[in-house]
There are 2 protein chains.
Amino acid sequence: MRSQSEPTQSAGKRAAPPYEQIKLFLKERLENGHWTPGALMPSEADLVAKFAVSRMTVNRALRELQLEGLVDRVQGVGTFAAQLHRVSSSLTIRDIHEEVLERGHVHHATVHLAKAESASATAAQRLGVGLNASVFHTVIVHYENGVALQCEDRYVNPECAPDYLSVDFTKITPTHYLLDVAPLWEARFAVEAGLPTAREAKLLGLKITDPVLIVSRRTVNRGVPITQARLVHPAGRYQIDGVFKP
Amino acid sequence: MRSQSEPTQSAGKRAAPPYEQIKLFLKERLENGHWTPGALMPSEADLVAKFAVSRMTVNRALRELQLEGLVDRVQGVGTFAAQLHRVSSSLTIRDIHEEVLERGHVHHATVHLAKAESASATAAQRLGVGLNASVFHTVIVHYENGVALQCEDRYVNPECAPDYLSVDFTKITPTHYLLDVAPLWEARFAVEAGLPTAREAKLLGLKITDPVLIVSRRTVNRGVPITQARLVHPAGRYQIDGVFKP
DNA sequence: GAAATATACTTGTCTAGACAAGTTTGCGCA
DNA sequence: TGCGCAAACTTGTCTAGACAAGTATATTTC
């Protein structure tokens, strides 16, 4: 017969493995403030005794909480409840198509430019290639339920995606396509406010004095630039959201 | 004598433990494209043989790569190189003081409002408390090297931080203070472009037609609202950056 | 040739040690 | 009373199994 604190099995659906039950127990204690940030938590030995499991099982639970940023561990000292500021302020920028679908809305795109060019100084600087290098350049507008949501101005390195220009970007986003053909290993991006260019204003149905949210993103693999995109969104029509709840 | 592929120890500094060496080996192979996303990677048994370690050691390496989003694992099938789009698009919003210091610059703050109020409809809605509930309200401008960078308009729940108004916010940021006294467990935030209010424009030295980057952030613990902040940044003076490189 | 079954392979998870390494606490001695 | 050392506690990491559970492959049977 298992002790009261021993990881148990419920009727019907399979119970979570003991290491997950221990994680959940500790998470709940953290959530209800039993240990405020900086507070010392029970040692591995304590938890081994409490849950009647092996130390490796307890260790896995604690290490995963540590990797999730919920606890801090110091060799020889102990395990402490963590302050959650850093982990609670993370957010993820999504592919526009996926984002719109997740809202239960309809995404469509119109292609306004798709051609090979010699890189201008701006293009070269944005993509990280040499002046006059051959680059692919697309300008696409994305809509949610018929409303312009994003103007995507993108340069692509032909070396990484030679067939880029033959793709129908009314059916698949460049982001999605490039994921398949040009896997990334590094990315840099920035989020800022600004004003649209005249062209962007026109494509988005804005005045050039209307504020926009600009996400710039550049991806690289093995030192080779893959793509650089400038994603422009009308203020009031688009925001990036984040939620944190362990 | 250790085999060629056995985790080894280098002269001088202590070698990484075997599980970390295996992670590094696999990361390097992933980085150089040896396995492109979706490709099947060696099984745990293969890696056990290759590195002459126990299966638990290999398992830990793979599981941590999985938690970092670099590989996908399917029980009974195998381990696969992951597509990195989602994990590569994450970024973290920092405390302004810490961010400025990290750039090697000087941060200072001026306090323009710090008082207890009855929550207006706007304040109540923003913080998630009842209309006319007592709330603390501060308006603070943060500078980097003397240049206004952020106007912070914040409401705080007195229940969570009763001594909030007695704090000198020219010496510590509200974010930092609240971290200590009112640990969070949940957070919601949004990043968008917009225009400043007349007051924000004045405090930031802007015209009300100048675009701004607005970060809204609300934190909660055990269902109780802690704080809500509207952080307004002049376009051109501030951006949120992210870098991804496993 | 298809279906059923067995076998093999793979990940998921656990145990019960073990030793390394770091830190804290307690004890003995000057 | 303070210092040095030993003991105890704690996390870091590893081993060598073991069994569970999922999937893929091979074999057997109809």
Side-chain angles (χ1 to χ4, degrees), chain A residues 2-3 5-10 12-26 30 35 38-82, chain B residues 2-3 5-10 12-26 30 35 38-82:
Chain A
R2 290 175 177 235
S3 72
S5 57
E6 196 161 313
T8 63
Q9 235 143 333
S10 346
K13 105 174 19 168
R14 175 150 15 117
Y19 88 89
E20 278 200 13
Q21 294 180 43
I22 296 168
K23 278 180 74 179
L24 185 58
F25 168 85
L26 296 173
L30 287 165
W35 303 294
L40 182 67
M41 292 165 65
S43 66
E44 288 185 2
D46 287 339
L47 295 170
V48 164
K50 180 182 178 68
F51 288 99
V53 295
S54 83
R55 201 186 139 216
M56 292 315 299
T57 300
V58 163
N59 180 268
R60 179 173 171 176
L62 289 170
R63 244 185 320 95
E64 288 192 7
L65 290 176
Q66 180 184 29
L67 291 174
E68 288 164 34
L70 303 185
V71 306
D72 296 318
R73 294 187 17 108
V74 184
Q75 182 172 0
V77 183
T79 302
F80 302 87
Chain B
R2 293 177 174 233
S3 72
S5 59
E6 197 160 312
T8 65
Q9 232 144 334
S10 347
K13 103 171 22 168
R14 175 145 20 109
Y19 87 90
E20 279 200 13
Q21 294 180 45
I22 296 168
K23 277 180 75 177
L24 185 59
F25 168 85
L26 295 171
L30 287 165
W35 303 294
L40 182 67
M41 290 166 65
S43 65
E44 290 185 1
D46 288 339
L47 295 170
V48 164
K50 181 182 179 65
F51 289 99
V53 294
S54 83
R55 202 190 137 213
M56 292 315 299
T57 299
V58 163
N59 180 267
R60 178 174 173 176
L62 289 169
R63 246 185 318 96
E64 289 193 7
L65 290 176
Q66 179 184 27
L67 291 173
E68 287 165 34
L70 303 186
V71 306
D72 295 317
R73 295 190 12 112
V74 183
Q75 179 173 1
V77 182
T79 303
F80 301 86

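First the proteins, then the strands, lettered A, B, ... as listed; each starts at 1.
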**Q** Expressed as a whole number of angstroms, how long is the span from A:L47:CG to D:dC9:C1'?
**A** 14 Å
**Q** Applying side chain to side chain donor-acceptor pair (under 3.5 Å), can you list everything that pairs with A:Q66, at least two apart in sequence or on another chain?
**A** none
**Q** What is the per-nucleotide protein-contact pattern of nucleotides 7-14 of chain C, from the 5' end, where B denotes a base atom under 4.0 Å from a protein heavy atom, S denotes such proximity for sugar-phosphate atoms only, and - denotes neither?
**A** ---BBBBB
**Q** Output all residues satisfying side chain to side chain contact (heavy atoms under 4.5 Å, CB included) with B:S43, sequence neighbours left out; order by chain, then residue number.
**A** B:A45, B:D46
**Q** Quick one: list whatever passes side chain to side chain donor-acceptor pair (under 3.5 Å) with B:N59, sequence neighbours left out.
**A** B:E44, B:R63
**Q** Quick one: salt bridge (Lys or Arg N to Asp or Glu O under 4.0 Å) partners of A:E20, sequence neighbours excluded?
**A**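 If we apply the salt bridge (Lys or Arg N to Asp or Glu O under 4.0 Å) test to A:E20, skipping adjacent residues, there are no hits.
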**Q** Partners of A:L67 by side chain to side chain contact (heavy atoms under 4.5 Å, CB included), sequence neighbours excluded?
**A**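 Result, side chain to side chain contact (heavy atoms under 4.5 Å, CB included) vs A:L67: B:E64, B:L67.
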